[in-house]
Amino acid sequence: MVATETAGTADQPGESGRAGRPSHPVLRARRLTRHFKVGGTFGRRTLHAVDDVDLVIGEREIVALVGESGSGKSTVARLLALLYPVTAGDIEFRGQPVASLRSRRRKLDYRRRVQMVFQDPFSSLSPVYPISHGLLRALILHRPELSRTARREEAERLLELVGLTPAREMLQKYPYELSGGQRQRVGFAAALACRPEVILADEPVSMLDVSIRIGLLNLMAELRERAGVSFLYITHDLASARYVADRMMVMYAGHVVESGPSEEVLTAPRHPYTQLLLAAAPDPWAPLGEAAEGDYGEPPKVVDPGEGCRFRPRCPLAVSACENITPRLTELGPGHSAACHVAADPALR
Ligand SMILES: Nc1ncnc2c1ncn2[C@@H]1O[C@H](COP(=O)(O)OP(=O)(O)O)[C@@H](O)[C@H]1O
Ligand SMILES: [Mg+2]
């Protein structure tokens, strides 16, 4: 049988959430697609950065989006943050469509509730001001009801929340006085100043030393508990995704090729690409960090793709169906889906 239906698994994040936590969809995307025009006046072509991505992030859930560089992870985050318009597809926040929001006020409200944290916190901190500056500015913009004193107290509370203490002293520091890990904590504090419900964290620990990464991952887990935030955690590192995420989505060349509970995706991967990633990681069960620098090779640039599986040229299991029918995500186990003809029907092998 050739899989052609999208599985319903992405609709039930709670079922697979850690410790069976009941979970309502907070952010949901359906068939999210983003293309870019590339090339000169002659021979303009279309790069498919993201195609048909379905995703759901539940209440207080941490969902990892994993894939090698160029697979479309940041584009997904930018689409969800409304930094890029979608080429096609829908985004819903708490049941309300957002991809087509026209009103400035509603866009601003959405952007407050869905925050982004980037890989390099240095780039978002002004070097000429102490860190209090950015935090207070975010509070003035997003929480104008706070008095001056209340703002100051809130800034201190936020720094404590992200583990930067003594908060009063930390507020006076300049970015260059902080370590990379501390700067990324400031990045989280600035996002939290808006009281977000979702944080889209795009490779937040990739630039940090292995030894400090785990502290930041623990911070995300704590913020989910203490501030009730849900996370999309973007990474190319399977070990960190396994460490922190309830569910995992694996991207390849703009498509989600596998999704499911993290532990299960890693112990029983169904898609040959996930199997390859695991084989390439030195040891995904090793203490965090040791497996972090896996080199998975180059993903293709997806320019004017035809039908068929995009992983086909690298796939040891490819059969003729893979050449002309694009596999869709299909549920193969409880909450566990893969987009692979052969995984869906082992008789094809
Ligand atoms: N603004 C853009 N213009 C043209 N191509 C882009 C743009 N942004 C991303 N891309 C392309 O889209 C693909 C996915 O990129 P990206 O989402 O940044 O991947 P990842 O975050 O997984 O490394 C890449 O081939 C990249 O070159
Ligand atoms: Mg990226």
Side-chain angles (χ1 to χ4, degrees), residues 27 29 31-41 43-55 57 63-89 91 99 114-124 184 187 191 198-208 213 216-217 220 231-241 244-245 248-259 265 271 273-274 276-277 280-281 292-306 309-311 313-314 326 339:
L27 191 59
R31 310 210 61 175
L32 201 59
T33 298
R34 173 68 206 200
H35 297 166
F36 294 104
K37 291 279 175 228
V38 291
T41 326
R44 273 171 83 74
R45 306 173 75 194
T46 305
L47 187 148
H48 291 225
V50 171
D51 268 333
D52 286 330
V53 167
D54 288 337
L55 82 89
I57 304 173
V63 177
L65 188 58
V66 186
E68 58 203 320
S69 154
S71 54
K73 307 179 298 296
S74 295
T75 304
V76 168
R78 294 202 169 109
L79 291 169
L80 293 174
L82 304 186
L83 296 177
Y84 288 156
V86 301
T87 302
I91 303 170
V114 178
Q115 286 286 307
M116 229 172 135
V117 168
F118 296 94
Q119 185 172 20
D120 175 11
F122 227 154
S123 65
S124 49
Q184 194 54 291
V198 178
I199 292 182
L200 309 168
D202 192 355
E203 310 233 23
V205 303
S206 300
M207 286 177 64
L208 302 177
R213 286 182 190 169
L216 264 297
L217 297 176
M220 287 201 291
F231 285 89
L232 181 68
Y233 169 55
I234 294 180
T235 181
H236 57 267
D237 166 26
L238 286 172
S240 74
V244 78
M248 187 180 285
M249 304 176 68
V250 181
M251 274 193 94
Y252 185 80
H255 280 150
V256 171
V257 296
E258 182 154 5
S259 73
V265 169
H271 197 283
Y273 175 60
T274 316
L276 179 88
L277 279 183
E293 313 297 347
D295 176 5
Y296 312 129
E298 276 290 300
K301 284 242 177 231
V302 193
V303 177
D304 294 336
C309 175
R310 292 179 186 171
F311 185 59
R314 283 167 79 182
T326 307

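Order of appearance sets the numbers: ligands from 1, and atoms from 1 within every ligand.
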Close approach of Glu68 to ligand 1, heavy atoms, under 4.0 angstrom = yes
Is there a heavy atom of Gly67 sitting under 4.0 angstrom from any atom of ligand 1?
-> no
Let me confirm one number: the [atom1]-[atom2] distance from [X] to [Y], rounded to the nearest 0.5 Å.
| X | Y | atom1 | atom2 | answer |
| --- | --- | --- | --- | --- |
| Leu200 | Tyr233 | CG | OH | 14.0 Å |
| Leu55 | Leu27 | CG | CG | 6.5 Å |
| Ser71 | Arg310 | OG | CZ | 12.0 Å |
| His236 | Met251 | NE2 | CE | 16.0 Å |

Considering only heavy atoms, which of Tyr84, Phe36, Tyr252 lies nearest to atom 10 (N) of ligand 1?
-> Phe36
Which of the listed options, Lys73, Glu203, His48, Arg34, holds the heavy atom that is closest to atom 22 (O) of ligand 1?
->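 Looking at heavy atoms only, Lys73 sits closest to atom 22 (O) of ligand 1.
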Verify side-chain contact (heavy atoms from CB on, under 4.5 Å) between Thr235 and Val205, making sure each step is shown before the conclusion.
-> CA-CA 8 Å; Thr235 181; Val205 303; 5.7 Å; no
Is the distance from the Mg ion (ligand 2) to the nearest N/O/S atom of Ser69 under 2.8 Å?
->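 Checking the Mg ion (ligand 2) against Ser69, no N, O or S atom falls under 2.8 Å.
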With only distance considered, is Gly70 within less than 3.5 Å of ligand 1 through an N or O on each side?
->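 It does: an N or O of Gly70 is found under 3.5 Å from an N or O of ligand 1.
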Is there a nitrogen or oxygen of Gly72 sitting under 3.5 Å from a nitrogen or oxygen of ligand 1?
-> yes
Distance filter under 4.0 Å to Ser74 heavy atoms, resulting ligand 1 atoms |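 Within the 4.0 Å cut-off of Ser74, ligand 1 contributes 17 (O), 18 (O), 20 (P), 21 (O).
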Under 4.0 Å from any heavy atom of Thr75, which atoms of ligand 1 are there?
-> 9 (C), 15 (O), 16 (P), 17 (O)
Counting N and O atoms only, with roles assigned by atom type, does the side chain of Arg213 sit under 3.5 Å from a partner on the main chain of Leu208, one being a donor and the other an acceptor?
-> yes
Identify, for [atom], the protein heavy atom at the shortest distance, and state residue, atom and that distance.
| atom | answer |
| --- | --- |
| atom 12 (O) of ligand 1 | Ala49 CB, 3.3 Å |
| atom 27 (O) of ligand 1 | Lys301 NZ, 2.8 Å |
| atom 11 (C) of ligand 1 | Leu47 CD2, 3.7 Å |

Which one of Arg34, His35, Arg31 satisfies the side-chain hydrogen bond (donor to acceptor under 3.5 Å, both in side chains) criterion with Asp51?
-> His35
Taking heavy atoms and a distance under 4.0 Å, where does Val50 meet ligand 1: side chain, backbone, both or neither?
->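 Contact part for Val50 vs ligand 1: neither.
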Provide the closest heavy-atom pair for Tyr252 versus Val257 in the form atom of the first, atom of the second, distance.
->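 It is CB-CG1, 3.8 Å.
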Looking only at heavy atoms, the pair that brings Ala339 and Val256 closest together is CB-O, 4.0 Å
